[in-house]
Number of protein chains: 2
Amino acid sequence: MNKRKDKITIVEVAAEAGVSFGTVSRVINNDVHVKPQTRERVLETMRRLNFVANRQARSLAGGRTNTIGLLVPDLGTGYIGEIIRGIDAELGDAGYDLMLYTTHRTATKEAGYVSNLVQGMVDGLILVLPRNPSDYIGSMTQRNFPFVLIDHQGTGEDCPAIGSTNWQGAFNATNYLIKLGHKRIGFITGWLDLGAAVDRLEGFKAALRTNKIPFIQDLVYEGTFAQLDGYTGASRFLDMKKPPTAIFASNDVMAMAAMDAVRERGLRVPEDISVMGFDDIPQASLVRPSLTTVRQPLEQMGRIATQVLFDILKNPNLKHNRIELPTEIIIRNSTAKLRKA
Amino acid sequence: MNKRKDKITIVEVAAEAGVSFGTVSRVINNDVHVKPQTRERVLETMRRLNFVANRQARSLAGGRTNTIGLLVPDLGTGYIGEIIRGIDAELGDAGYDLMLYTTHRTATKEAGYVSNLVQGMVDGLILVLPRNPSDYIGSMTQRNFPFVLIDHQGTGEDCPAIGSTNWQGAFNATNYLIKLGHKRIGFITGWLDLGAAVDRLEGFKAALRTNKIPFIQDLVYEGTFAQLDGYTGASRFLDMKKPPTAIFASNDVMAMAAMDAVRERGLRVPEDISVMGFDDIPQASLVRPSLTTVRQPLEQMGRIATQVLFDILKNPNLKHNRIELPTEIIIRNSTAKLRKA
DNA sequence: AGTATTCATGTAAACGCTTCCAAATATTGT
DNA sequence: ACAATATTTGGAAGCGTTTACATGAATACT
């Protein structure tokens, strides 16, 4: 189609440098057995000729694609953006490329389709918050296809995954709110099909228990991590005869929406109601009041997931399990000491 | 490395189906010259064997990669997310894959590096809001490499680009605010190196002119499309002796931050100050008050950019210029009639 | 029926690289 | 100086496709 005749191949480089194309290939692949002097000459020639190795050919011959696939549900919230930043950085260092697949796109197809399709296209796959993880995991494990999960709490199966200490983070956050004097805390959950969401809820409950505060079912609103849930959940709480004095949402997006709901009722954050989130997406520090939240090291999660995937690629037999990165409470201005009514 | 010996190739399929591998290739490529009966048999065999054509080999042999590259500055705001949704949809239909490059990743390298690198990896490139467009454009035009720009107002060079009617959108929006009675309108610009940002500013000015409202330089805050600018800009306005009664931000992200700034001062949106944005990202309808904004058809822009790129791929000689999609005012709850003080 | 014409299929030669093996060259020890 | 060894290089054989060309079968025409 638009085939460039003037494309430069290793053969051209070899001719120019006065060596065989085999030697050029060795230089490209950093093979040890090349005389430094020869290597330099070849490198110089490559530079001069503006040579770029053809990825497809390398893949075809070498059996590797130097590309990894990333499967994400969507890109709307900045949450994924941070993770990608981490993956991207790691990938860049290793000379890998990133192929992006959105879950939506393959929603109609069965999960096996993805790993099937992806097989040969990418060397491995990173899945962020897959909606039906066990389907994927089964299919990929069976195929022995390298993959890593991000932010998914395995539902029993033992597979490489990167997450954070969701339980502990929620526990600490709740504790923090309680220390501020809050006893009635509204909790907005994430999508409870995901382990991470369940863990946050459990951490919340545990902190109540530890502090001998009774758990009230009505103060839990079941959300899905979507912005709207934050608004709806908070509204529900605020409409109660005895509304909570603090709202803890399972992610920042919902927390921000919760703040909106609070303000819409003429109440102030944090003076009247404290609001806390989870994730620490970039926006968290930019909204006003800035959001107190539980920081997940999203970028680092991306980095580590990539490193683990590389490990697996290098040694497919090594077993990797779940890695948990520590969460951390970031105190900003959306939470305050309970004011005596 | 992890080479699968059991990989199924067209040769296996051919043997199974009792045809030559050439025929299988023809079936894959929907070549007309295959007896329907044979085609069906081959397809059946492919299905049964779970065959997936090797992308690398196809690319190497065919000179195409069936992959397009997308170059984006970041993924934080949902703005890009919408565009990707459109691209993704179109790509899926055509059986193409998406390779994602972030500007940041190659920030250190010169722009030429990108097109160089990308050459051979992808058949074409879609650039969203490139920061130094002319570098790219020069390099790619020279290489005759297929590309499309999204949301970039050419700085003179004639190249395929998809944008929206920024001027008109800003003009209409400003007009709308004026019709509501606002005479002092604060305007927060985008990154003025981008044509889109300039156009929005110009549309704003033109509307003032049309309505015989004097333009006041102090009521323009120069931002960069970043959330923080919305906050800072709005704060600047609100600290004026005679603050504006409406704030028009050049994108939604800044508009939302502006609303935060307004509320932080104990003022209400829209009762005290009307706030208007630009883009209509998904969050715009979810914040409270929901944001009145100028809708850019982001997803459609992604779709059309992809289609144009396909066009160019099919016919490299055809000249494509800038396409402008209409913007549309979406009236929600962040704007209201000016209340007489 | 015999030949021209179309349609269906098989085959070989790329595509640009990696990798293995063998050959050439350099290095070391005696 | 010579063999033994280590280092460097050259070249062939793929990798799994596409595509141009050749062949064979079927159909249409005279």
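Convention: sequence-line order gives letters A, B, ...; per-chain numbering from 1.
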Quiz item: What does A:Ser59 touch in the nucleic acid at a heavy-atom separation under 4.0 angstrom: a base, only the sugar-phosphate, or nothing?
Solution: nothing
Quiz item: Out of curiosity, A:Tyr96 OH to A:Glu90 CD, how far, rounded to the nearest 0.5 Å?
Solution: 12.5 Å
Quiz item: Could you give the distance from CZ (B:Arg26) to OG (B:Ser20), rounded to the nearest 0.5 Å?
Solution: 6.0 Å
Quiz item: Looking only at heavy atoms, which two atoms of A:Glu299 and A:Arg85 are closest? And how far apart?
Solution: OE1-CD, 3.9 Å
Quiz item: Could you give the CD-to-P distance, from B:Gln37 to D:dA26, as a whole number of Å?
Solution: 12 Å
Practice problem: Report the residue (B:Arg41 or A:Thr9) whose heavy-atom-nearest nucleotide on DNA chain C is the more 5′ of the two. | Solution: B:Arg41
Self-check item: Length of the line joining A:Asp31:CG and C:dT19:C1', which is rounded to integer Å
Solution: 10 Å
Quiz item: Tell me: CZ of B:Arg39 to P of C:dC7, nearest whole Å?
Solution: 14 Å
Quiz item: Whole-Å distance between D:dA26 P and B:Lys35 NZ?
Solution: 7 Å
Self-check item: Per A:His33 side chain, nearest of listed nucleotides C:dT9, D:dT8, D:dT18
Solution: D:dT8
Quiz item: Are the charged groups of A:Arg47 and A:Glu40 less than 4.0 angstrom apart, N to O?
Solution: yes
Quiz item: Nearest-Å distance, CG (A:Asn30) to C1' (C:dT18)?
Solution: 14 Å
Quiz item: Within the modelled atom types, does a donor on one side and an acceptor on the other bring the side chain of B:Arg26 and the base of C:dG10 under 3.5 Å apart?
Solution: yes
Quiz item: How many Å lie between CD on B:Glu12 and P on D:dC15, as a whole number?
Solution: 10 Å
Quiz item: Is any side-chain heavy atom of B:Ser164 less than 4.5 Å from a side-chain heavy atom of B:Glu324?
Solution: no
Quiz item: Considering only side-chain heavy atoms of B:Leu60, which listed nucleotide, C:dC17, D:dT9, D:dG16, is closest?
Solution: D:dG16
Practice problem: Compare the minimum distances between each of D:dG11, D:dT18, D:dT9 and the side chain of A:Phe21, then state the nucleotide with the smallest one. | Solution: D:dG11
Exercise. Using a 4.0 Å heavy-atom cut-off across all strands, classify A:Ser25 as base, sugar-phosphate, or nothing.
Key: base
Quiz item: For B:Ala57 and B:Val32, take the nucleotide of DNA chain C holding the closest heavy atom to each; which residue's nucleotide lies nearer the 5' end?
Solution: B:Val32
